[in-house]
Amino acid sequence: MLAGRWAGDDERERWLQALRDALPEARWIVAPADAVARDEIEVAVVANPAPGALAALPRLKLVQSLWAGVDRLLADATLPPDVPLARMVDPGLTEAMVQTAQWAVLSLHRRFFDYAAQQAQAQWLPLPQRRADEVAVLLLGFGALGRAVAERLMAMGYRVSAWRRGGADRDEVQDAPLTLHDGADALPAALAQADIVIDLLPLTAQTRGLLDARFFAAMRRGAALVNLARGAHVDDAALLAALDAGQLGRAVLDVFATEPLPADHRYWRHPRVTVLPHIAALSDPRSAAQVVAGNVRALWRGKPVAHLVERDRGY
Ligand code: NAP
């Protein structure tokens, strides 16, 4: 079954066609399914479906998200508790996220946002130029996206470090070619060393509201925040106060607590905020459908399904 909230019928049809092409041996049903079809559905492929869409599917064996973040799915109390849930790790989405992070870091490092502001004032003012290895970038989150972004930024010459939850089950990459900071206690020191902080965390009980006044105070004075993850990580009043006080130099924001961002929100017109309409990285139907097909075939063959969400930790 394919269930979701789509920008329009065209978007749903594009996904359905890509899924049919990738997995022709499956019979696809578009939600809402009738009672007979509901009894047969084994896999639900979902894009933030309406709450309740996944209840009362007696043969359901797998929920496969088309989106990388599953916070809205997990918030649906009718999500069957015992059915495995897989999130999307799509090479097309990952490459798009790497490109957005690359653009943001390069624009901050080389002051291209400042030059855009200068142009609006017909102002000709060359600014000092730094080398990439003089710019420290901290990634919040070192998962599928954080690792890909780290790799590209290191290839561009930046000084990259990453912060993650860590723990006993997470030390397999201790030899990663970058500094890793594990756990909440390590965050202030990690923030104090960074010129640019990129948020690539999932939204969980622990990360909601994490970017608050204390967080911004721990950052280097004049450093920049790039939020490519979730708006609910941020205390907006604290971020605006940190920008107004010059504690933060700039914020590049792709995600917001309320989307679309309300027309009267201060972010729209703040001189040191760049607003994007949640487009940092979209799943690409062509590559994502192949990921879905791989997982459904693994399920059919009794093999491990990839990228399962651990419900207890929320990602
Ligand atoms: P992922 O592979 O699950 O990685 C999550 C990372 O966050 C892991 O490194 C994890 O630490 C870390 N983490 C989780 N909770 C933490 C905590 N409490 N403290 C410190 N670190 C914590 O996720 P992903 O695929 O990289 O995606 C990350 C997020 O990006 C998604 O959840 C979604 O919100 C966002 N996203 C946004 C867009 C967009 O267009 N703006 C598109 C796609 C995704 P461990 O390594 O120790 O487990």
Side-chain angles (χ1 to χ4, degrees), residues 7 47-48 64-75 85-101 103-104 138-152 160-174 176 178-191 197-212 215 225-234 251-257 259-261 274-284 287-288 291 306-315:
N48 286 335
Q64 168 70 61
S65 175
L66 291 176
W67 300 166
V70 290
D71 40 286
R72 277 168 71 177
L73 261 176
L74 291 175
L85 164 63
R87 65 199 186 81
M88 177 52 63
V89 178
D90 163 30
L93 178 149
T94 301
E95 177 56 25
M97 186 60 92
V98 168
Q99 290 166 351
T100 303
W103 159 81
L138 172 69
L139 299 167
L140 304 179
F142 193 58
L145 298 176
R147 288 176 195 220
V149 168
E151 202 174 304
R152 183 73 55 87
V160 180
S161 60
W163 179 68
R164 59 182 182 165
R165 190 178 56 97
D169 56 335
R170 283 287 177 286
D171 50 12
E172 80 279 10
V173 288
Q174 279 304 359
L178 79 176
T179 312
L180 278 171
H181 307 272
D182 282 359
D185 292 347
L187 183 58
L191 288 172
V197 175
I198 305 182
D199 183 3
L200 280 170
L201 291 166
L203 180 59
T204 68
Q206 284 72 41
T207 63
R208 185 179 291 277
L210 177 77
L211 281 61
D212 60 6
F215 178 102
L225 170 72
V226 181
N227 188 2
L228 307 177
R230 284 292 181 267
H233 290 160
V234 178
V252 179
L253 306 175
D254 179 56
V255 286
F256 303 91
E259 296 181 0
L261 183 65
T274 300
V275 170
L276 298 173
H278 200 146
I279 49 70
L282 308 178
S283 296
D284 182 320
S287 47
V291 176
H307 311 304
L308 287 178
V309 172
E310 285 183 32
R311 302 245 194 142
D312 293 347
R313 65 178 197 183
Y315 69 100

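Source: prediction; values computed, not measured. Remember, it's 1-based here, ligands and their atoms both numbered in the order they're listed.
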(request) Tell me, with the steps shown, if L145 and L93 meet side chain to side chain contact (heavy atoms under 4.5 Å, CB included). (result) CA-CA 9 Å; L145 298 176; L93 178 149; 3.6 Å; yes
(message) Using side chain to side chain contact (heavy atoms under 4.5 Å, CB included), reason through V197 and L191 one step at a time and then give a plain yes or no.
(response) CA-CA 8 Å; V197 175; L191 288 172; 4.0 Å; yes
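The residues D71 and R230 are annotated as salt-bridged, a charged nitrogen and a carboxylate oxygen being separated by less than 4.0 angstrom. Between E95 and R152, at least one side-chain N (NZ, or NE/NH1/NH2) sits under 4.0 Å from a carboxylate O, which counts as a salt bridge.
Atoms of ligand 1 found under 4.0 Å from any heavy atom of P202 (numbered from 1 in listed order, with element): 5 (C), 7 (O), 14 (C), 32 (O). Residue L201 approaches ligand 1 through these ligand atoms, each under 4.0 Å from one of its heavy atoms: 7 (O), 12 (C), 13 (N), 21 (N), 22 (C), 29 (C), 34 (O). Near G166, the atoms of ligand 1 lying under 4.0 angstrom from a non-hydrogen atom of the residue are 47 (O). Short contacts between ligand 1 and V255, defined as distances under 4.0 Å to a heavy atom of the residue, involve ligand atoms 41 (N). Remark: ligand 1 atoms within the under-4.0 Å shell around heavy atoms of H278 are 39 (C), 40 (O), 41 (N). Close approach of ligand 1 to Q206 (heavy-atom distance below 4.0 Å) involves ligand atoms 18 (N). For ligand 1 and A68, the ligand atoms under 4.0 Å from any heavy atom of the residue are 43 (C), 44 (C). Atoms of ligand 1 lying under 4.0 Å from any heavy atom of L228, numbered from 1 in the order shown and given with element: 36 (N), 37 (C), 38 (C), 39 (C), 41 (N).
Distance alone, capped at 3.5 Å, places no donor-acceptor pair between the N48 side chain and the R72 backbone. Looking at H233, its side chain does come within 3.5 Å of a backbone N or O of P202 through a donor-acceptor pair.
For atom 42 (C) of ligand 1, the nearest non-hydrogen atom from the set A205, S283, A281 comes from A281.
Using a 4.0 angstrom heavy-atom cutoff, R87 counts as in contact with ligand 1. Residue contacts with ligand 1 include D254, since one or more of its heavy atoms lies under 4.0 Å from the ligand. Under a 4.0 angstrom heavy-atom cut-off, M97 registers as being in contact with ligand 1.
Side-chain N/O atoms of R87 and Y315 include no donor and acceptor closer than 3.5 Å.
Residue-level proximity to ligand 1 for R230 is carried by the side chain, the only part with a heavy atom below 4.0 angstrom. Neither the backbone nor the side chain of L210 has a heavy atom within less than 4.0 Å of ligand 1.
Rounding to the nearest 0.5 Å gives a distance of 9.5 Å between CG of L138 and CG of L178. With values rounded to the nearest 0.5 angstrom, L66 atom CG is found 11.5 Å from D284 atom CG.
Under the side-chain hydrogen bond (donor to acceptor under 3.5 Å, both in side chains) criterion, N227 pairs with no residue at all, not counting sequence neighbours.
Considering backbone and side-chain atoms together, W163 places no N or O closer than 3.5 Å to any N or O of ligand 1. Considering both main-chain and side-chain atoms, L145 comes within under 3.5 Å of ligand 1 through a nitrogen or oxygen pair.
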